[in-house]
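The structure appears below as structure tokens.
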2 protein chains.
Amino acid sequence: MPLIPTTKPRLNISQQLANSLRDMIFEGDLGAGERINEVHLSEALGVSRTPLREALTLLVAEEAMINIPRRGFFVRELTRREFEDLYPIRSILDPEALRLSGIPSVGSFATLERLNVEIRDATDMKTRVSLDDAWHLELVSGCENQILIGLIMNFMNRFRRYGLAFARERKVIETANQEHVEIIHALRADEMDEACETLRKNLTSNKDPILAWLDERQDLEG
Amino acid sequence: MPLIPTTKPRLNISQQLANSLRDMIFEGDLGAGERINEVHLSEALGVSRTPLREALTLLVAEEAMINIPRRGFFVRELTRREFEDLYPIRSILDPEALRLSGIPSVGSFATLERLNVEIRDATDMKTRVSLDDAWHLELVSGCENQILIGLIMNFMNRFRRYGLAFARERKVIETANQEHVEIIHALRADEMDEACETLRKNLTSNKDPILAWLDERQDLEG
DNA sequence: TAATTGCGTACTGTATGCAGTATGCCACTA
DNA sequence: TAGTGGCATACTGCATACAGTACGCAATTA
């Protein structure tokens, strides 16, 4: 009898709901700043309020929601402030993970190059963003520090909301695919420092257009 | 009528419970690996299971608990693996926050020096750890990146469990107080790079004794 | 004696009901 | 007409009840 079950036990409803709600936020079904009506939403999803509230609580801790006592749950706003704050952190997390990973394996190099082609060919922004995230995860796949990887994935999710919300209004960002090539090139040459520096640049390549869009948005409200 | 209430609304029971449970974990009232019996614990705390489960869910996202479907909530184990993984991350987060903070203000320097004296004079490990955390927070108090500060506080909490559990068995760690002096000295001389480097060292000063203790512990089990 | 099956117990997961609070609307007043 | 107060409504916060599942123990068999 294994202490840790070999097959992953099926998720309970709360955990499934957390995944669904996360997707609904990405898709824009739950808009930024929107208030959650627990009764309506639970009925719409065909569950009761208890597991829904637990799922919302999980998202609060992920910073995707906020909970104001006696007023309820709200989808977190997209703010210039948060967006700007995320960058310097991600810019140190990813290179650190790359250093810990070391030079990629032969198979990993192949995957990185394959993904890079797929990114270039992707037509819609949603798959492009997914593939870009997959590329960055593959880049640090040799990193055994699961806490660091978990952090990076959380930051990916937080960035993704901005990228997708932007894309809904502005179609596509021409992500700097060339930098991925440069990073691979540097790693093949065993130039870790150079790879990290290019990676740091690559991580901020989307910044300006989205910042400009956020400012416009702000102006419309104010 | 302000949109955002000026006085902070009182916390609801779930949020209060999360704070209590966090303290109970620090105090060792809830031991590492311990299974939570929701009925017993909710009765002991004088609340019902619903807010307790919401509080536990919050702690799951903080990595203080884990939730195995249909088996319940467990206090996270203290493992060599987690402890080692935390270090490289904290070692890049704190210096980055210090850089973003810039050179401390006059008042901040004073606070840092006052705290340093208090750390030296502290007799028990619990206040020593608290004061050390306060010192490190003061060091980065000029940092306006709240997400980064929040991350650092989360890592402090995770380290604290190890420090306190160690202290319960081994009394006191002689924390390298001298490094704090060196950091202050470097900052007064406007030597940010040197300060960051010393900070990075200081953050790992507790590592070895606690690692050795974790290994012993592991041996006893295996 | 060791292994295995079946059952009872105890616990988690979810639904639901009730109490208390926030909020918006309407009437009333200046 | 603008501003204020009170009331109705709808929503959240919490307790509780019930259903389904995991787990340990005993009985049974080899």
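Residue numbering restarts at 1 for every chain, and letters A, B, ... go by the order of the sequence lines.
Nearest heavy-atom pair across A:Ala18 and A:Leu58 is CB-CD1, 4.1 Å. In terms of heavy atoms, A:Trp135 sits closest to A:Ile183 at CH2-CD1, 4.0 Å. Closest of all the heavy-atom pairs between B:Ile13 and B:Pro51 is CG2-CB, 4.0 Å. Residues B:Gln15 and A:Asn67 share a closest heavy-atom pair of NE2-O, 3.8 Å.
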Please list, for nucleotides 16-21 of chain C, all pairs of protein and nucleotide N/O atoms separated by less than 3.5 Å.
from	atom 1	to	atom 2	distance (Å)
C:dT16	O4	A:Thr50	OG1	3.1

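For the pair A:Ser14 and C:dT14, the criterion of a side-chain N or O lying under 4.0 Å from OP1 or OP2 is met.
Contact of the A:Phe159 side chain with the A:Leu86 side chain is registered, since non-hydrogen atoms from C-beta on lie closer than 4.5 Å. Using a 4.5 Å cut-off on side-chain heavy atoms (C-beta onward), B:Tyr87 and B:Ile92 make no contact.
Applying the side-chain hydrogen bond (donor to acceptor under 3.5 Å, both in side chains) rule to B:Thr127 yields the partners B:Asp124; only residues at least two apart in sequence or on another chain are considered. Evaluation of the side-chain hydrogen bond (donor to acceptor under 3.5 Å, both in side chains) rule for B:Arg80 yields B:Glu84, B:Asp215 as partners, not counting sequence neighbours. With sequence neighbours excluded, no residue satisfies side-chain hydrogen bond (donor to acceptor under 3.5 Å, both in side chains) with A:Thr57. A search for salt bridge (Lys or Arg N to Asp or Glu O under 4.0 Å) contacts involving B:Lys126 returns B:Glu27, not counting sequence neighbours. With sequence neighbours excluded, the residues satisfying side-chain contact (heavy atoms from CB on, under 4.5 Å) with A:Asp133 are A:Val129, A:Met156, A:Arg160.
Rounded to an integer number of Å, the gap from CD1 of A:Ile13 to P of C:dT12 is 17 Å. A:Arg35 has its CZ atom 8 Å from the C1' atom of D:dT12, to the nearest Å. As a whole-Å value, the separation of A:Arg71 CZ from D:dA10 P is 18 Å. Here the P atom of nucleotide C:dA22 and the CZ atom of A:Phe73 are 16 Å apart, to the nearest Å. In this entry the distance linking CG of B:Leu41 with P of C:dC11 reads 13 Å, nearest Å. Rounded to whole angstrom, the span from the CD atom of A:Glu38 across to the C1' atom of D:dC11 amounts to 8 Å. Rounded to an integer number of Å, the gap from CG of A:Asn12 to P of D:dT21 is 13 Å. The nearest whole Å value for the distance from the CG atom in B:Asn67 to the P atom in C:dC11 is 16 Å.
DNA chain C is contacted by A:Pro51 of residues 51-63 of chain A, taking any non-hydrogen atom closer than 4.0 Å. Residues from residues 15-22 of chain B lying near DNA chain D, meaning a heavy-atom separation below 4.0 Å, are absent.
Where the helix from C:dT1-D:dA30 to C:dA30-D:dT1 starts and where it ends, the local axes point in directions that differ by 10°; five pairs per end, rounded to 10°.
When distances run from any side-chain atom of A:His40 to the nucleotides C:dT23, C:dT12, D:dC11, the shortest one goes to D:dC11.
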For residues 107-117 of chain A, which side-chain donor-acceptor pairs fall under 3.5 Å, sequence neighbours excluded?
from	atom 1	to	atom 2	distance (Å)
A:Ser108	OG	A:Glu138	OE2	2.7
A:Thr111	OG1	A:Gly107	O	3.0
A:Glu113	OE1	A:Arg188	NH2	3.2
A:Glu113	OE2	A:Arg188	NH2	3.1
A:Arg114	NH1	A:Glu118	OE2	2.9
A:Asn116	OD1	A:Asn177	ND2	3.3
A:Asn116	OD1	A:His180	ND1	3.2

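Applying the salt bridge (Lys or Arg N to Asp or Glu O under 4.0 Å) rule to pairs touching residues 95-105 of chain A yields A:Arg99-A:Asp193, sequence neighbours excluded. Residue pairs meeting the salt bridge (Lys or Arg N to Asp or Glu O under 4.0 Å) criterion with at least one partner in residues 56-67 of chain A, sequence neighbours excluded, are A:Arg22-A:Glu62, A:Glu63-A:Arg76.
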